[in-house]
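Working notes, beginning with the structure itself.
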Amino acid sequence: RSATSVQSSPQPDEALQLVKRLYEAGEDYAAIFGGSAAASATHSPGLAKVVREAMPLSRRCPIYDGDPRLGGAQGAGGPTRMRYDVEAGRNAVDRRTIMVTAAQAEAPKVVSRTRVVLIPAPGGWRIDDLVTEGMPGYRATLADASARCRSARSR
């Protein structure tokens with residue numbers, strides 16, 4: 001008898017796979033960031049709550065009408081030529097950060113760098129925020145715009 005060693009294939013990085021699916025969604029990003037089942041499956045509970053609260057308000061107020069993957073760029077045609085850099089950190093167990101560098105289909109020379117923050121959840125990782133260089137985070141932007149909309153309606 002000869003002993004054979006079976007090499008297991010390395011486990012795919014679930015957080016990285018989630019971010020890749022998000023960026024490869026093309027124009028379907030609106031479904032992913034809307035109040036859909038897809039959003040519930042990809043967002044952390046905190047981000048999902050902010051999105052759920054913002055969606056009904058967006059019919060009456062300008063909440064966020066750009067692509068959160070590209071720092072709010074409008075009409076960008078979706079990201080192309082993505083590069084994903086998994087940032088090593090002390091808190092890799094309870095938080096992951098992936099830096100995504102993406103060109104835009106409509107403006108290929110325009111490059112955005114977005115830090116996607118993920119937290120663990122039962123069944124895998126969930127997106128907690130997207131922060132594009134020089135911009136406030138997506139979560140904070142939605143919360144601020146929602147608060148402005150509510151205060152404008154109460155006047």
Side-chain angles (χ1 to χ4, degrees), residues 6-59 61-146:
V6 177
Q7 285 187 330
S8 62
S9 61
Q11 292 292 330
D13 182 333
E14 291 179 20
L16 178 59
Q17 296 307 314
L18 174 61
V19 172
K20 284 183 175 182
R21 282 194 311 274
L22 169 72
Y23 273 81
E24 292 165 7
E27 294 296 322
D28 291 341
Y29 77 87
I32 292 172
F33 284 99
S36 69
S40 298
T42 60
H43 293 26
S44 70
L47 179 58
K49 180 179 183 228
V50 170
V51 169
R52 272 193 314 273
E53 291 171 354
M55 286 300 111
L57 295 172
S58 67
R59 292 181 195 92
C61 301
I63 299 287
Y64 194 95
D65 60 355
D67 187 338
R69 300 170 302 177
L70 299 170
Q74 291 182 322
T80 61
R81 294 191 339 252
M82 281 83 62
R83 188 179 84 222
Y84 306 94
D85 298 307
V86 177
E87 295 186 351
R90 296 182 303 236
N91 300 329
V93 174
D94 61 348
R95 188 174 213 75
R96 295 288 303 279
T97 303
I98 298 174
M99 180 63 77
V100 181
T101 305
Q104 299 174 14
E106 298 297 318
K109 294 185 193 269
V110 176
V111 175
S112 68
R113 290 177 45 84
T114 302
R115 183 178 318 289
V116 182
V117 180
L118 301 105
I119 61 171
W125 292 90
R126 299 292 179 258
I127 297 165
D128 196 44
D129 206 357
L130 291 95
V131 183
T132 301
E133 287 182 335
M135 308 279 293
Y138 177 62
R139 193 170 168 173
T141 301
L142 283 180
D144 290 347
S146 295

Verdict with supporting geometry, Ile127 and Val117, side-chain contact (heavy atoms from CB on, under 4.5 Å): CA-CA 6 Å; Ile127 297 165; Val117 180; over 6 Å; no
From CG (Leu16) to CD1 (Ile98), nearest 0.5 Å: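 Those atoms lie 5.0 Å apart.
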Between CG on residue Leu130 and CG on residue Leu22, distance to nearest 0.5 Å: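 Reported to 0.5 Å precision, the distance equals 6.0 Å.
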Under a 3.5 Å distance rule, please check whether [X] uses its side chain to pair with a backbone N or O of [Y] as donor and acceptor.
X      : Y      : answer
Thr114 : Arg69  : yes
Thr132 : Met135 : no
Tyr23  : Met82  : no
Asp129 : Arg139 : yes

Of the non-hydrogen atoms in [X] and [Y], which two are nearest, and what is the gap between them?
X      : Y      : value
Pro56  : Arg59  : CA-NH1, 3.1 Å
Ala145 : Pro62  : CB-O, 4.4 Å
Ala143 : Val50  : N-CG1, 3.9 Å
Ala54  : Leu142 : CB-CD2, 4.2 Å

Validation row: Thr97, Val116 side chains within 4.5 angstrom (heavy atoms):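 No, side chains not in contact.
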Pairwise side-chain contact, Ser146 with Ile63, heavy-atom cut-off 4.5 Å (strictly under):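 A side-chain contact exists here, since the closest heavy-atom pair is under 4.5 Å.
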Is it true that [X] and [Y] make a salt bridge, defined as a side-chain N closer than 4.0 Å to a carboxylate O?
X      : Y      : result
Asp85  : Arg83  : yes
Glu133 : Arg115 : no
Arg96  : Asp13  : yes

Stepwise side-chain contact (heavy atoms from CB on, under 4.5 Å) check, Thr141 with Tyr64: CA-CA 8 Å; Thr141 301; Tyr64 194 95; 3.6 Å; yes
Stepwise side-chain contact (heavy atoms from CB on, under 4.5 Å) check, Leu118 with Leu18: CA-CA 9 Å; Leu118 301 105; Leu18 174 61; 3.7 Å; yes
Derivation of the side-chain contact (heavy atoms from CB on, under 4.5 Å) call for Met99 and Glu87: CA-CA 7 Å; Met99 180 63 77; Glu87 295 186 351; 3.6 Å; yes
